[in-house]
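Bear in mind that the values here come from a model prediction, so they are computed numbers and not experimental data.
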Amino acid sequence: MRTGRKNRFMQFQTKFTDIFGLGRAASLSVILLTSLVVILAVFWFFYSAPPRTITITSGPEGSIFRMNAEKYRTILARSGVKLNILPSQGSLENLKRLADPSFKVDIGFVQGGVASGLNIDKLTSLGSISYEPLLVFYRSARPLDLLSRLNGKRLAVGPEGSGTRSLALVLLAANDIEPGGSTTLSGLDAKDAAKALLAGTIDAVFLMGDAASPRTMRTLLRTPGIRLFDFTQADGYSRRIGYLNKLELPKGSIDFGKNIPADDISLIGPTVELIARADMHPALSDLLLEAAREVHGKPGLFKHRGEFPAPLEHEFRISADAARYYKTGKSFLYRYLPFRLASLANRFLIVAVPAVVVLLPGLRIIPALFRWRIRLRIYRWYRALLVLERSLLARVAPVEREKLLDRIEHIEEDVNKMKVPASFANQFYVLRGHIDFVRDRLMKSTQPR
C-alpha cells in the first residue's frame with residue numbers, strides 16, 4: 001500500500017515537473033511549500049473560530065449581577081453562543097476567579113475598587129456598564145449625617161468575597177472604624193442581613209447590586225423606622241477615593257404616591273466593569289458589548305439613555321478590541337452578516353490573505369533559485385570551454401593537443417550526465433554544440449613549423 005502511494009506521488013511529481021518545467025528538487029520544494037501553507041491555513045481557520053460556549057461569573061441568586069447575566073445569556077443565544085453562569089459572592093470573588101488562570105471562566109462583573117493586591121496584568125475591561133450605588137440602611141429615630149455615627153453599632157457589611165464588604169471596610173476605615181474594635185461587623189449575606197435589620201438584631205446594613213436583590217432594597221426603602229443613609233459628604237468621598245462617583249436618588253423616584261424617598265438623597269458608588277481575560281476572541285468582545293448596550297443602554301435611576309456601556313478606564317485597561325468597538329462599532333462583516341456567517345467570512349479572509357502573501361513570493365522565488373542553480377552549472381562548463389579555447393591562441397603541440405582533447409571528452413561526458421528540466425533543453429543543446437565547436441577548432445590546430 002505504501003508502494004502504491006509512493007508511485008502515485010512520483011507520478012504527480014513527474015506531471016508537475018513536465019507541466020512547469022522544473023527539476024525534481026524544485027517541484028518537490030513547491031509541492032512541500034504549498035502543502036505546508038494549506039495545512040497551516042486549514043489549521044488556523046478552525047483554531048481561530050470563536051468558541052460556542054463561554055462562562056461568566058456573576059453574583060448571588062437574585063442579585064442584579066445574576067439578573068444581568070441571565071439577560072446576557074438570552075441575547076448571546078440569538079447568535080448561537082451559549083453562556084454558562086457561575087454564581088458567586090460578588091465582585092471580589094469574580095475578580096479572583098478571573099485572575100486565576102486555572103479557573104475556567106471568561107468574563108465577569110467587577111465593581112471598581114476591589115483589585116488591590118491582585119495580579120490583573122492578564123485581564124482587560126470591555127468597559128463600564130453601570131453605576132453601582134452603595135445603600136446603607138439603618139435604624140434610628142433621627143437621621144444620621146456622618147458615617148462615623150455608626151461606631152459601636154452592629155453592622156452587616158456583606159460576606160467575604162463580595163464587593164459590598166470590600167467597599168464597606170474602606171469607608172469605615174476612612175471614618176476610624178476598624179474590625180476588632182467596639183463595632184460589630186457581621187458577614188451576613190444581603191437577604192439575611194435585611195431580615196436581621198427588620199428584626200432589630202442588626203443596627204445597619206450595607207447593600208450593593210452585586211449581592212442584594214432589587215426586591216430586598218425596595219422592601220427596606222418602604223419599611224417605616226428604617227432610613228437610607230444620605231452621604232452629605234459624597235463630594236469628598238468621590239475625590240478622596242478615585243473609583244467612587246457621587247450619585248443622587250431623586251425625591252419620590254421609588255414611589256411617587258408615597259413620596260419615597262421624601263427628599264433627594266446623595267449616594268456614592270463605583271462603576272461596574274465587564275472584565276475579560278486578555279485572550280478573549282475579538283468577535284466575542286463585539287458580541288458581549290452589543291449585549292451590554294442592549295441591557296445597560298436604557299435609562300435608569302442613576303444613568304441616562306446610552307450612557308453605558310462606556311470606555312471608562314479605572315483599575316483595568318480597556319482592551320484594544322473594545323476601544324475599537326467604541327470608536328467605530330462592529331467590524332464590517334459583523335455589521336451586515338449573521339454572527340456565524342460573519343465569523344466564517346472573517347476567518348477565511350484572515351487565513352486566505354496571508355496564505356496568498358506567503359505563496360506568491362515563495363512560488364516565484366523557488367523556481368528562480370532553481371533556474372539560477374541550473375545556470376550556474378551550465379556556466380561552469382562554459383568557463384572550462386573558455387579556458388580550453390584560449391589555449392588555442394598559441395600553436396599546440398601534438399602531445400598537448402591530445403591532453404586537451406581528453407579534457408574535452410571529460411567535459412562532454414560530464415555534461416551528458418547533467419539532469420536538466422525541459423525548460424533548459426535549449427541551453428543544454430547549445431552547450432553541447434559549443435563543445436563540438438571547440439573540439440573542431442582543436443582538431444584543426446597544427447604544430448608550428
Side-chain angles (χ1 to χ4, degrees), residues 59 63-65 67-68 90-92 94-95 108-116 120 123-137 144-148 150 157-158 162-175 190 205-212 214 217 221 228-251 253-254 261 263-275 289 292-293 295-318 322-323 326:
S63 67
I64 294 175
F65 280 13
M67 290 189 293
N68 285 336
S91 290
L92 186 56
N94 290 346
L95 183 57
F109 300 119
V110 177
Q111 76 176 46
V114 299
S116 178
I120 59 173
L123 301 180
T124 58
S125 172
L126 301 185
S128 296
I129 56 175
S130 65
Y131 293 116
E132 187 175 20
L134 172 67
L135 303 181
V136 181
F137 294 95
L144 301 181
D145 56 345
L146 300 175
L147 207 58
S148 58
L150 295 177
V157 295
S162 67
T164 306
R165 186 181 187 88
S166 176
L167 179 56
L169 293 179
V170 170
L171 295 177
L172 292 174
N175 286 272
V205 58
F206 290 70
L207 299 177
M208 297 186 78
D210 70 335
M217 294 182 181
L221 282 167
L228 176 61
F229 185 80
D230 185 359
F231 281 86
T232 56
Q233 299 170 312
D235 287 315
Y237 282 113
S238 63
R239 294 181 186 183
R240 284 276 300 276
I241 305 173
Y243 56 83
L244 293 179
N245 306 277
K246 179 182 179 181
L247 306 171
E248 186 176 88
L249 184 63
K251 178 180 179 180
S253 58
I254 301 300
D263 298 290
D264 292 342
I265 296 180
S266 295
L267 301 173
I268 56 174
T271 58
V272 177
E273 295 185 61
L274 186 58
I275 303 301
L289 284 169
R293 179 168 287 178
V295 173
H296 308 290
K298 301 170 184 177
L301 282 177
F302 303 104
K303 61 181 179 178
H304 300 291
R305 182 181 297 276
E307 187 175 356
F308 293 105
L312 305 177
E313 195 167 83
H314 298 296
E315 297 158 295
F316 303 89
R317 58 187 173 86
I318 299 293
Y326 286 114

Separation between [atom1] of [X] and [atom2] of [Y], rounded to the nearest 0.5 Å:
X	Y	atom1	atom2	answer
Leu249	Ser266	CG	OG	9.5 Å
Leu267	Leu244	CG	CG	11.5 Å
Tyr243	Ser116	OH	OG	8.5 Å
Asn175	Leu150	CG	CG	8.5 Å
Ile268	Glu248	CD1	CD	14.5 Å
Leu274	Asn68	CG	CG	10.0 Å

Under the 3.5 angstrom rule, does the side chain of [X] hit a backbone N or O of [Y] as a donor-acceptor pair?
X	Y	value
Lys298	His304	no
Thr232	Asp145	yes
Asp264	Pro250	no
Ser238	Ala234	yes
Asn245	Gly269	yes
Glu315	Gly113	yes
Ser91	Gln111	yes
Ser125	Gly127	yes

(request) Classify the angle between the aromatic ring planes of Phe109 and Phe65 as parallel (below 30°), tilted (30 to 60°) or perpendicular (above 60°). (result)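 Phe109 vs Phe65 ring planes: tilted.
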
Contact check, side chains of [X] and [Y], non-hydrogen atoms, under 4.5 Å:
X	Y	result
Tyr326	Leu289	yes
Asn94	Val114	no
Leu126	Pro309	no
Ile129	Glu273	no
Leu171	Leu147	yes
Met208	Leu135	no
Leu247	Leu134	no
Thr164	Val157	no

(request) Determine, step by step, whether Thr124 and Phe316 satisfy the side-chain contact (heavy atoms from CB on, under 4.5 Å) criterion, reporting the C-alpha distance in whole Å, the side-chain angles of both residues, the deciding distance to 0.1 Å, and the verdict. (result) CA-CA 6 Å; Thr124 58; Phe316 303 89; over 6 Å; no

[X] and [Y]: which non-hydrogen atoms are nearest, and at how many Å?
X	Y	result
Leu312	Ile318	O-CD1, 4.1 Å
Phe302	Pro133	CE1-CG, 3.5 Å
Arg165	Gly158	NH1-O, 2.8 Å
Phe137	Met217	CZ-O, 3.9 Å
Phe229	Ile265	O-CG2, 3.8 Å
Leu95	Ala115	CD2-CA, 3.5 Å

(request) List the steps and the verdict of side-chain contact (heavy atoms from CB on, under 4.5 Å) for His296 and Glu307. (result) CA-CA 8 Å; His296 308 290; Glu307 187 175 356; over 6 Å; no

(request) Could you tell me whether Lys251 and Asp263 have a side-chain N and a carboxylate O separated by less than 4.0 Å? (result)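 Answer for the salt bridge query: no.
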
(request) Run the ring-centre check on Tyr131 versus Phe308 and record whether the distance is less than 6.0 Å. (result) yes

